[in-house]
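A short worksheet on the structure shown next.
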2 protein chains.
Amino acid sequence: MGITKSTQFTKNQNRKAELYKALGHPARIAIIEFVINQDSCVCGDIVDEIPLSQSTISQHLKELKKVGIIKGDIEGVKTCYCIDDKVWSELDDVSRLFMSSYSEKDKCC
Amino acid sequence: MGITKSTQFTKNQNRKAELYKALGHPARIAIIEFVINQDSCVCGDIVDEIPLSQSTISQHLKELKKVGIIKGDIEGVKTCYCIDDKVWSELDDVSRLFMSSYSEKDKCC
DNA sequence: TTATTTAATCGTAATATTGCGATAGAATAA
DNA sequence: TTATTCTATCGCAATATTACGATTAAATAA
């Protein structure tokens with residue numbers, strides 16, 4: 001198959017998985033780290049930084065944009081990508097909640 | 001292709017992506033939530049809870065075990081799955097660090 | 001012993017992902 | 001205008017993922 005049975009799960013579970021899935025590739029982690037650490041967030045600079053082809057990076061950017069983690073700003077011929085505050089904050093909330101839902105004393109085996 | 005060029009990225013980036021990728025499926029989120037919220041963590045109970053076949057769930061458990069998030073304890077004919085404290089704590093650290101590496105004032109566009 | 005229960009694994013099919021080169025389109029420069 | 005620059009998208013190939021039924025293997029029960 002290769003198709004995920006999303007209908008079987010809650011909205012919350014699906015969204016959580018979707019966000020984490022977007023982070024589930026080293027190139028996308030590298031892109032996010034670069035965008036955060038640089039003043040520049042121009043697409044071309046990302047392409048120079050990350051050892052993958054321009055088309056591949058464009059695709060990864062698209063995926064990150066799809067879940068909302070980054071947003072693209074067309075500035076003339078260039079596109080500037082940056083973190084979307086709202087979704088980054090959502091991701092922070094989701095992660096904190098998820099991580100804190102377990103504590104070592106819950107251990108059952 | 002479909003193959004990830006891991007060699008191009010840092011150990012840290014690859015590990016981060018690997019952990020998030022494991023969380024990037026609603027069934028695996030549901031499994032983790034179930035294991036955390038129930039006293040029971042027996043495989044059969046997970047199969048009863050989650051609307052996917054036994055073999056599919058077994059595969060998801062295998063993936064979670066691969067990155068270390070859960071560990072399985074064979075108890076006679078049953079297997080008890082639970083969170084691996086060390087990896088859960090790693091995930092917590094990784095997430096906190098990653099999330100806090102960006103703050104709204106970094107915005108460049 | 002033989003049956004049953006439990007969970008892992010195998011085999012298979014369908015779909016998704018990753019990656020690249022080529023191309024297209026839009027904005028700017030010459 | 002024409003050329004150039006920049007990025008998105010298309011088309012393709014290779015690999016990965018998801019899902020299921022069937023089977024296997026191991027432990028326990030009858």
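Residue numbers begin at 1 in each chain, while the letters A, B, ... track the order of the sequences. Note that the coordinates shown come from a computational prediction; the quantities given were computed from them, not determined experimentally.
- At a threshold of 4.0 angstrom between heavy atoms, the contacts of B:I74 with the nucleic acid are absent.
- Judged by atom type and distance alone, A:S55 reaches the base of C:dG21 through a side-chain donor-acceptor pair under 3.5 Å.
- Of the residues near DNA chain D, B:P51 and B:V77, the one whose nearest nucleotide (by heavy atom distance) lies more toward the 5' end is B:P51.
- Between the NE2 atom of B:H60 and the P atom of C:dT9 there is a distance of 15 Å, rounded to whole Å.
- Shown here are the side chain to side chain donor-acceptor pair (under 3.5 Å) partners of A:S53, two or more places apart in sequence or in another chain: A:S55, A:T56.
- Between the P atom of D:dA19 and the CZ atom of B:R28 lies a distance of 9 Å, rounded to the nearest Å.
- OP1 or OP2 of D:dC20 lies within a sub-4.0 Å distance of a side-chain N or O belonging to B:S53.
- The side chain of A:K21 places no N or O atom within less than 4.0 Å of a non-bridging phosphate oxygen (OP1 or OP2) of D:dT17.
- Per the geometry, CD1 belonging to B:I3 stands 10 Å off C1' belonging to C:dG19, to the nearest Å.
- For A:K78, no side-chain nitrogen or oxygen approaches OP1 or OP2 of C:dT28 to under 4.0 Å.
- One can place CD of A:E63 at 14 Å from C1' of D:dT9, the figure rounded to the nearest angstrom.
- Not a single donor-acceptor contact under 3.5 angstrom links the side-chain atoms of A:Q59 to the base of D:dA8.
- Proximity of a side-chain donor or acceptor of B:S58 to a complementary backbone N or O of B:Q54 within less than 3.5 Å is not detected.
- Heavy atoms of A:T79 sit under 4.0 angstrom from primed sugar atoms or phosphate atoms, though from no base atom.
- Nucleotide D:dA8 holds its P atom 7 Å from the CG atom of A:L61, rounded to whole Å.
- For the pair B:I57 CD1 and C:dT9 P, the interatomic distance rounds to 16 Å; values are reported in whole Å.
- Comparing B:G44 and A:Q54, the nucleotide of DNA chain C nearest to each residue sits closer to the 5' end for B:G44.
- Between A:S58 and D:dA8 there is a side-chain N or O to OP1 or OP2 distance below 4.0 Å.
- For the pair B:K5 NZ and C:dT17 C1', the interatomic distance rounds to 15 Å; values are reported in whole Å.
- With hydrogens and angles ignored, the 3.5 Å screen pairs no side-chain donor or acceptor of A:D92 with any backbone N or O of B:M99.
- Remark: side-chain polar atoms of A:D84 are not paired, donor with acceptor, to backbone N or O of A:K71 under 3.5 angstrom.
- What separates CG of A:D73 from C1' of D:dC6 is a distance of 15 Å, to the nearest Å.
- Electrostatic pairing of A:K21 and A:E18 does not count as a salt bridge here, judged by no charged N lying under 4.0 Å from a carboxylate O.
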